[in-house]
Participant: 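Sharing a structure below in structure tokens format, with a few things to ask.
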Amino acid sequence: MADNDLHKTSSIDQCKLIELGKNHHANGNLTVVENGKLIPFDIKRVFYIYDVPGGEERGGHSHKRLQQVIVAISGAFDVLLDDGVNQRSVTLNRPYQGLLVAPGVWSKQHNFSSGSVCLVLASDHYCEEDYVRDYDQFLQLTSNKK
């Protein structure tokens with residue numbers, strides 16, 4: 001499928017919460033993320049976002065091919081999902097839950113609580129050509145949806 005075709009077929013319904021599991025111990029909890037288990041892609045890149053000033057947003061783009069799982073490993077924030085027709089907001093505030101973001105879905109993170117840390121697991125290495133950063137261009141790519 002061509003890169004831009006994913007924008008025509010993507011839906012916020014493809015984005016879902018994934019329970020990563022929590023191993024509870026008296027001396028602290030542990031969550032494990034492994035390739036081939038729970039995450040529907042091989043993880044090729046991991047990054048985290050922190051020290052986001054009050055009122056600021058992160059993200060604000062879609063990807064042509066890349067899939068992501070977003071986790072609030074500390075604090076809380078909201079993720080706005082947009083497929084060009086429908087929008088949905090998901091609050092992430094549990095370090096044992098991840099939000100799968102499908103290719104072709106616009107997402108942005110906002111409403112960061114103080115001390116939040118946003119972990120992102122990505123299906124591929126960084127590639128600027130995979131990004132759609134202009135919302136009007138995104139709407140053009142998704143314009144044939146019903």
Participant: Would you please indicate if the ring centroids of Tyr126 and Tyr131 are separated by under 6.0 Å?
Facilitator: yes

Participant: Check whether any side-chain heavy atom of Phe112 lies under 4.5 Å from a side-chain heavy atom of Arg58, and answer yes or no.
Facilitator: yes

Participant: Just say parallel, tilted or perpendicular for the rings of Trp106 and Tyr135, cut-offs at 30° and 60°.
Facilitator: perpendicular

Participant: What are the two closest non-hydrogen atoms of Leu20 and Pro95, and how far apart are they?
Facilitator: CD1-O, 4.3 Å

Participant: Hey, are the side chains of Val71 and Val33 touching, using non-hydrogen atoms and a 4.5 Å cut-off?
Facilitator: no

Participant: Distance from Arg88 atom CZ to Asp78 atom CG, nearest 0.5 Å?
Facilitator: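 These two atoms lie 12.5 Å from each other.
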
Participant: Can you confirm whether the side chains of Glu57 and Gln109 place a donor and an acceptor under 3.5 Å from each other?
Facilitator: no

Participant: Taking C-beta and beyond as the side chain, do Phe77 and Val52 meet within less than 4.5 Å on heavy atoms?
Facilitator: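 Phe77 does not reach Val52 side chain to side chain.
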
Participant: Under a 4.5 Å cut-off applied to non-hydrogen side-chain atoms, are Arg45 and Leu66 in contact?
Facilitator: yes

Participant: Scan His63, Lys64, His61 and name whichever one has a side chain to side chain donor-acceptor pair (under 3.5 Å) with Asp130.
Facilitator: His63

Participant: Considering only heavy atoms from C-beta outward, does the side chain of Ile70 approach that of Cys118 to under 4.5 Å?
Facilitator: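 Yes, their side chains come closer than 4.5 Å.
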
Participant: Please test Asn29 against Tyr96 for side-chain hydrogen bond (donor to acceptor under 3.5 Å, both in side chains), starting from the C-alpha separation and ending with a verdict.
Facilitator: CA-CA 10 Å; Asn29 298 323; Tyr96 54 87; over 6 Å; no

Participant: Are side-chain heavy atoms of Thr142 and Val85 found at a separation under 4.5 Å?
Facilitator: no

Participant: What closest approach, in Å, do Gly75 and Ser113 show between heavy atoms, and which atom pair accounts for it?
Facilitator: CA-OG, 3.5 Å

Participant: With distance as the sole test, does Ser74 use its side chain to make a donor-acceptor pair with the main-chain N or O of Val117 at under 3.5 Å?
Facilitator: no

Participant: Can you measure from CG (Asp51) to CD (Glu56) and round to the nearest 0.5 angstrom?
Facilitator: 12.5 Å

Participant: In terms of side-chain geometry, is the basic nitrogen of Arg133 or Glu128 positioned less than 4.0 Å from the acidic oxygen of its partner?
Facilitator: yes

Participant: Please give me the minimum heavy-atom distance between Asp83 and Ile12, naming the atom from each residue.
Facilitator: OD2-N, 3.0 Å

Participant: Mind listing the closest non-hydrogen atom pair of Ser62 and Gly104 along with its distance?
Facilitator: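 Result for this residue pair: CB-C, 4.3 Å.
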
Participant: When rounded to the nearest 0.5 angstrom, what distance separates CZ in Phe41 from CG in Leu121?
Facilitator: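 Rounded to the nearest 0.5 Å, the CZ-CG separation comes to 6.0 Å.
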
Participant: Mind listing the closest non-hydrogen atom pair of Cys15 and Val101 along with its distance?
Facilitator: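 Shortest heavy-atom separation between Cys15 and Val101 comes out as SG-CA, 3.9 Å.
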
Participant: Could you tell me whether a side-chain N or O of Thr31 sits under 3.5 Å from a main-chain N or O of Gly21, the two making a donor and an acceptor?
Facilitator: yes

Participant: Output yes when a side-chain donor or acceptor of Lys108 lies under 3.5 Å from a complementary backbone atom of Val79, and no otherwise.
Facilitator: no

Participant: Hey, are the side chains of Leu92 and Leu17 touching, using non-hydrogen atoms and a 4.5 Å cut-off?
Facilitator: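 Touching, per the 4.5 Å side-chain cut-off.
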
